[in-house]
A.B. asks: 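Dumping the structure here so I can ask a few things about it.
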Amino acid sequence: MRAQLARVDAVLVQALIAAALSFAHLHDIASAAGQDGWKAWAYPVSVDLLLVAAWRRLRSGEAKAAGWCWFVTALAASLGANVATAGLLDLDNVPAWLRILVAGWPAVAFLGGTLLAHTTPATTDEDHKGPEDTDDAGDQEHAPELDSDEPPSTPPAIEPPPPERPAVSVPAALVEHARKVAAEHHTRTGTPIDTPTLRARLGVPTPMAEAIAAHLT
């Protein structure tokens with residue numbers, strides 16, 4: 001626990017030192033560009049607030065393009081001030097383009113902060129549904145569809161079986177002849193004779209051929 005607190009304290013101290021140095025550099029740049037008094041102190045605050053707003057948008061995981069755009073803009077302003085005050089820029093003779101950038105920064109910071117803080121990502125209809133709406137939708141999805149205008153369906157009527165054909169009397173002599181024909185067909189083809197072939201060989205109607213075939217089995 002103490003080791004964790006020590007790591008947290010070190011990070012906080014480092015963050016405070018970096019913030020204080022960056023704050024002072026931004027104040028010096030603003031003051032050198034003609035923004036004296038309280039205005040010079042307001043510039044570092046606006047840069048830091050824009051950084052925080054952009055970081056919060058990046059942490060939210062939504063509209064990361066806008067978050068990265070304004071985060072890089074604020075970071076460039078902070079790093080630019082740090083580098084410029086390291087002896088690379090004569091603070092007693094600031095160029096005109098830097099004065100223009102410093103004078104226009106408040107409008108840029110206001111635009112970025114407004115877009116980041118007051119622009120909400122688009123939500124779908126499902127995001128607006130409460131738990132009750134979800135349960136109702138699920139119940140309606142699984143509920144059987146009933147139409148009150150239609151009468152309840154009735155089971156289909158069972159058709160009665162077709163009447164049996166009357167038994168056909170077959171002479172014994174015809175049965176004996178049919179046995180010979182069937183034996184001859186089996187010897188020649190190797191397969192039992194079927195009813196259509198038997199009917200064609202005997203020249204009898206289909207009912208009688210079926211009756212004769214029943215006697216052969």
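Everything numeric in this text was worked out from a predicted model, so none of it was measured.
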A.B. asks: Looking at CD1 of Ile100 and CH2 of Trp97, how far apart are the two atoms once the value is rounded to the nearest 0.5 Å?
C.D. replies: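 Rounded to the nearest 0.5 Å, the CD1-CH2 separation comes out at 10.5 Å.
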A.B. asks: Please report the closest heavy-atom contact between Arg199 and Thr206, naming both atoms and the distance.
C.D. replies: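 That would be CD-OG1, 3.3 Å.
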A.B. asks: Can you see which heavy atom on Ala109 is nearest to which on Ser46, and at what distance?
C.D. replies: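 That closest heavy-atom pairing would be CB-CB, 4.2 Å.
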A.B. asks: Within the structure provided, determine whether Trp105 and Val102 are in side-chain contact (heavy-atom separation under 4.5 Å).
C.D. replies: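 Of all side-chain heavy-atom pairs linking Val102 with Trp105, none is under 4.5 Å.
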A.B. asks: Under the 3.5 angstrom rule, does the side chain of Ser31 hit a backbone N or O of Asp28 as a donor-acceptor pair?
C.D. replies: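 Answer holds: no.
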A.B. asks: Apply side-chain hydrogen bond (donor to acceptor under 3.5 Å, both in side chains) to Glu184 and list each qualifying residue two or more places apart in sequence or on a separate chain.
C.D. replies: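 Glu184 satisfies side-chain hydrogen bond (donor to acceptor under 3.5 Å, both in side chains) with Arg188, Arg201 only.
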A.B. asks: Who pairs with Val52 by side chain to side chain contact (heavy atoms under 4.5 Å, CB included), at least two apart in sequence or on another chain?
C.D. replies: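 For Val52, the residues satisfying side chain to side chain contact (heavy atoms under 4.5 Å, CB included) (neighbours in sequence not counted) are Arg56.
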A.B. asks: Name all residues meeting the side chain to side chain contact (heavy atoms under 4.5 Å, CB included) criterion together with Ala53; count only those two or more places apart in sequence or in a different chain, and write none if there are none.
C.D. replies: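 Applying side chain to side chain contact (heavy atoms under 4.5 Å, CB included) to Ala53 gives Leu116.
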A.B. asks: For the OG1 atom of Thr197 and the CG atom of Asp194, what is their distance to the nearest 0.5 Å?
C.D. replies: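 Nearest 0.5 Å value for the OG1-CG distance: 3.5 Å.
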A.B. asks: Between atom CZ of Phe71 and atom CG of Leu50, what is the distance when rounded to the nearest 0.5 Å?
C.D. replies: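 Output value for this atom pair is 10.0 Å.
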A.B. asks: Is Phe110 reachable from Leu51 through a run of I, L, V, M, F, W or Y residues, each pair having side-chain heavy atoms under 4.5 Å apart?
C.D. replies: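 No, because Leu51 and Phe110 fall into different hydrophobic clusters, even though each may have its own neighbours under 4.5 Å.
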A.B. asks: Sequence neighbours left out, what passes side-chain hydrogen bond (donor to acceptor under 3.5 Å, both in side chains) with Arg99? Give chain and number order.
C.D. replies: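 Arg99 satisfies side-chain hydrogen bond (donor to acceptor under 3.5 Å, both in side chains) with no residue once adjacent residues are dropped.
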A.B. asks: Indicate yes or no for a side-chain donor-acceptor contact from Thr187 to the backbone of Ala183 under 3.5 Å, with no hydrogens or angles considered.
C.D. replies: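 Yes; at least one donor-acceptor contact below 3.5 Å.
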A.B. asks: For a quick test of reading the model, state the closest non-hydrogen atom pair linking His185 to Thr191 and the distance between them.
C.D. replies: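 Heavy atoms only, the tightest pair is CD2-O, 3.4 Å.
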A.B. asks: Mind listing the side-chain donor-acceptor pairs of residues 72-79 below 3.5 Å, one per line with the distance, residues two or more places apart or on another chain?
C.D. replies:
residue	atom	partner	partner atom	Å
Thr73	OG1	Cys69	O	2.9
Ser78	OG	Ser22	OG	2.7

A.B. asks: Going by heavy atoms in the side chains, are Tyr43 and Pro106 under 4.5 Å from each other?
C.D. replies: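 Tyr43 vs Pro106: side chains touch.
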A.B. asks: Going by side chain to side chain contact (heavy atoms under 4.5 Å, CB included), name the residues that satisfy it together with Leu202, two or more places apart in sequence or in a different chain.
C.D. replies: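 If we apply the side chain to side chain contact (heavy atoms under 4.5 Å, CB included) test to Leu202, skipping adjacent residues, the hits are His177, Ala178, Val181, Leu198, Val204, Ile212.
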